[in-house]
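To start, the structure under review is shown below, and the notes come after it.
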Amino acid sequence: MRRGSSLACITLANLAFTPLVVKCFEAAILKLTEDPHRRFNALTREWVLVSPHRATRPWQGELAPAQAASEPAYDPTCYLCPGNTRAGGIRNPVYSSTFVFENDFAALKPQASPGRIDVDNMGLLVAESESGVCRVICFSPRHDLTLATMNVPAIEDVVRTWVEQYRELGDLADIQHVQIFENRGAMMGASNPHPHCQVWATASIPEAPSKELAAQQAYLGSHSRCLLCDYLALEARQQERVICQNDGFVALVPFWAVWPFEILVGSRRHFGSMNELAAGEIQSLSDILHRITSTYDKVFGVPFPYSMGFHQPPTDGVLHPECHFHAHFYPPLLRSATIRKHMVGFEMLGTPQRDITPEIAAERLRELAGKLSAEALS
């Protein structure tokens with residue numbers, strides 16, 4: 001019998017009621033820490049291949065240069081610093097907190113020409129107009145700060161600005177979805193190191209939130225409960241993948257994580273959007289964001305790159321009780337500050353795959369988060 005297996009028995013009786021025949025066979029027990037396996041992403045209803053036995057293989061691939069760790073408090077060449085002229089020719093005000101402006105090089109336009117094309121009505125060459133609004137939010141006038149190095153009250157100002165933008169843009173008649181996201185680091189395509197994020201408000205619901213919306217709707221319909229409420233309760237009982245938590249939020253490496261140090265942040269209380277954040281939850285969200293990003297920076301001792309974004313209900317004027325407020329962090333670093341994780345080969349042509357298990361990643365992040373908490377108390 002192979003290691004990690006057990007005997008499973010089936011009892012059979014024939015039609016003539018002869019003495020019972022017992023048939024035993026060997027059934028392997030799946031070991032999540034050793035065996036290749038697939039994990040189901042309940043939020044998107046997709047699968048990820050996990051290969052824990054590959055984590056020790058030697059690396060002879062690309063080594064990317066580590067990011068510079070220091071920036072000045074004010075950069076006269078930065079187009080996001082207070083009082084400077086942006087690339088589009090508009091001068092910034094001398095702002096002292098958060099600063100919001102229309103993206104000078106927006107991917108969407110509020111007044112896109114309406115229309116739809118379907119060549120020969122075959123459903124093969126199809127295009128339709130997409131209008132929307134793109135804005136930039138500077139977190140701070142300080143060029144050298146990040147969510148990891150800002151204090152929690154300053155992050156609270158950022159969260160309140162997010163709430164205002166979600167509400168304002170979501171109230172527009174032709175907007176169905178408001179996506180708030182941050183790309184941190186040049187590796188993630190950030191064109192400027194000044195702390196900032198973006199808001200894209202679209203006339204349609206994008207692909208990723210559409211998948212999550214469908215999964216949450218289906219779960220509510222079949223279970224009469226919230227998918228993420230049940231999932232977070234399961235994670236709270238197991239504690240294997242939980243990194244840190246406070247009164248309002250929990251941060252964990254999801255069971256179905258694709259990226260090496262991916263994190264899901266979920267609210268403890270069931271609500272859908274930032275519009276429903278209570279005053280104490282604004283502070284709790286700010287605290288958890290600070291703890292996550294400062295922990296990230298300790299993983300490899302460099303400013304940690306990531307894409308982060310919030311998933312909230314569509315702003316289509318319809319109630320969405322299935323939606324549970326949450327955020328995703330997708331960081332690309334794999335084994336060091338210079339080794340990236342790319343989606344290639346089987347992952348592009350087959351299904352996403354990862355070597356470092358969510359449990360191992362969570363253990364490392366949890367240890368670092370604990371050290372930061374201990375340092376803060378000392």
Check: Can you check salt bridge (charged side-chain N to carboxylate O under 4.0 Å, His left out) on K341 and D355, steps first, answer last?
Finding: CA-CA 11 Å; K341 163 68 176 175; D355 298 343; over 6 Å; no

Next item on the list: Decide yes or no on side chain to side chain donor-acceptor pair (under 3.5 Å) for S204 and E130, but give the supporting numbers first.
Entry: CA-CA 7 Å; S204 64; E130 180 76 4; 2.9 Å; yes

Could you walk me through whether Q179 and T202 pass the side chain to side chain donor-acceptor pair (under 3.5 Å) check? CA-CA 8 Å; Q179 182 62 63; T202 54; over 6 Å; no

Verdict with supporting geometry, E164 and R135, salt bridge (charged side-chain N to carboxylate O under 4.0 Å, His left out)
CA-CA 13 Å; E164 292 168 0; R135 292 177 178 171; over 6 Å; no

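Evaluated for a side chain to side chain contact (heavy atoms under 4.5 Å, CB included) with V258, the options V48, N41, T351 yield exactly one hit, V48. Across H324, E276, E281, a single residue satisfies side-chain hydrogen bond (donor to acceptor under 3.5 Å, both in side chains) together with S267, and that is H324. The side chain to side chain contact (heavy atoms under 4.5 Å, CB included) test with F139 is passed by exactly one of T98, L147, T161: L147.
Looking at Y166 and Q312, their side chains come closer than 4.5 Å, going by heavy atoms from C-beta outward. The shortest side-chain heavy-atom distance between K298 and K371 does not fall under the 4.5 Å cut-off.
Judged by distance alone, the side chains of S51 and Q353 do bring a donor and an acceptor atom under 3.5 Å apart.
The pair E207-K211 fails the salt-bridge criterion, with no side-chain N (NZ, NE, NH1 or NH2) lying under 4.0 Å from an Asp/Glu carboxylate O.
Across all their heavy atoms, H143 and P72 have their closest contact at CB-O, 3.2 Å. Taking every heavy atom of both residues into account, S129 and S113 meet most closely at CB-O, 2.9 Å. Closest of all the heavy-atom pairs between R291 and S373 is NH2-OG, 4.4 Å. Across L213 and I205, no two heavy atoms sit closer than the pair CD2-CD1, 4.4 Å. The minimum heavy-atom distance between G248 and S284, with the atom names listed, is N-OG, 3.7 Å. Across all non-hydrogen atoms, the minimal contact from H320 to P313 is CB-CB, 4.1 Å.
With a 6.0 Å radius and a threshold of 12 heavy atoms from other residues, nucleotides or ligands, N151 has its CG atom above the threshold.
The distance from the CD1 atom of I263 to the SG atom of C244 is 7.0 Å, given to the nearest 0.5 Å. Rounding to the nearest 0.5 Å gives a distance of 11.5 Å between CG of N103 and CD1 of I137. In this structure, the separation between NE2 on H53 and OG1 on T357 is 13.0 Å, given to the nearest 0.5 Å. Atom NZ of K109 sits about 12.0 Å away from atom OG of S131, to the nearest 0.5 Å. Remark: I155 CD1 to Q283 CD distance equals 10.0 Å, nearest 0.5 Å.
Side chain of N92 to backbone of Y79: a donor-acceptor contact under 3.5 angstrom is found. Here the side chain of Q198 pairs no donor or acceptor atom with the backbone of V136 at under 3.5 angstrom. Side-chain N or O atoms of H194 include none that pairs as donor or acceptor with a backbone N or O of N192 at under 3.5 Å. At least one donor-acceptor pair under 3.5 Å links the side chain of N84 to the backbone N or O of C78. Of the possible donor and acceptor atoms, none in the side chain of D118 sits under 3.5 Å from a partner among the backbone N and O of V126. No side-chain donor-acceptor contact under 3.5 Å links R142 to the backbone of A73.
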Side-chain polar contacts of residues 361-370 - donor-acceptor pairs under 3.5 angstrom, sequence neighbours left out - could you list them?
| unit_1 | atom_1 | unit_2 | atom_2 | d |
| --- | --- | --- | --- | --- |
| R364 | NH2 | V299 | O | 3.0 |
| R366 | NH1 | E240 | O | 3.1 |
| R366 | NH1 | V242 | O | 2.6 |

Exercise answer: donor-acceptor pairs, residues 225-237 side-chain atoms, under 3.5 Å, sequence neighbours excluded:
| unit_1 | atom_1 | unit_2 | atom_2 | d |
| --- | --- | --- | --- | --- |
| R225 | NE | D230 | OD1 | 3.4 |
| R225 | NE | D230 | OD2 | 2.7 |
| R225 | NH2 | D230 | OD2 | 3.1 |
| D230 | OD2 | Y219 | OH | 2.7 |
| Y231 | OH | E235 | OE2 | 2.5 |
| Y231 | OH | F255 | N | 3.0 |
| E235 | OE1 | R241 | NE | 3.1 |
| E235 | OE1 | R241 | NH2 | 3.2 |
| E235 | OE2 | R241 | NE | 3.0 |

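The hydrophobic cluster containing L220 does not contain F325, counting ILVMFWY residues as joined when their side-chain heavy atoms lie under 4.5 angstrom apart, directly or transitively. When the side chains of ILVMFWY residues are joined at heavy-atom separations under 4.5 Å, either directly or via intervening members, Y74 and F99 end up in two distinct hydrophobic clusters. L372 and I243 fall into different hydrophobic clusters, where Ile, Leu, Val, Met, Phe, Trp and Tyr side chains are chained together by heavy-atom contacts under 4.5 Å. Cluster annotation: V152 is not connected to F310 through the hydrophobic network of ILVMFWY side chains, with a link wherever side-chain heavy atoms come within less than 4.5 Å.
Listed by first and then second residue, the salt bridge (charged side-chain N to carboxylate O under 4.0 Å, His left out) pairs involving residues 301-327 amount to none (not counting sequence neighbours).
Relative orientation of the Y330 and H328 rings is parallel, given thresholds of 30° and 60° on the angle between their planes.
Checked against the 6.0 Å centroid criterion, the rings of Y306 and W259 do not qualify as a close aromatic pair.
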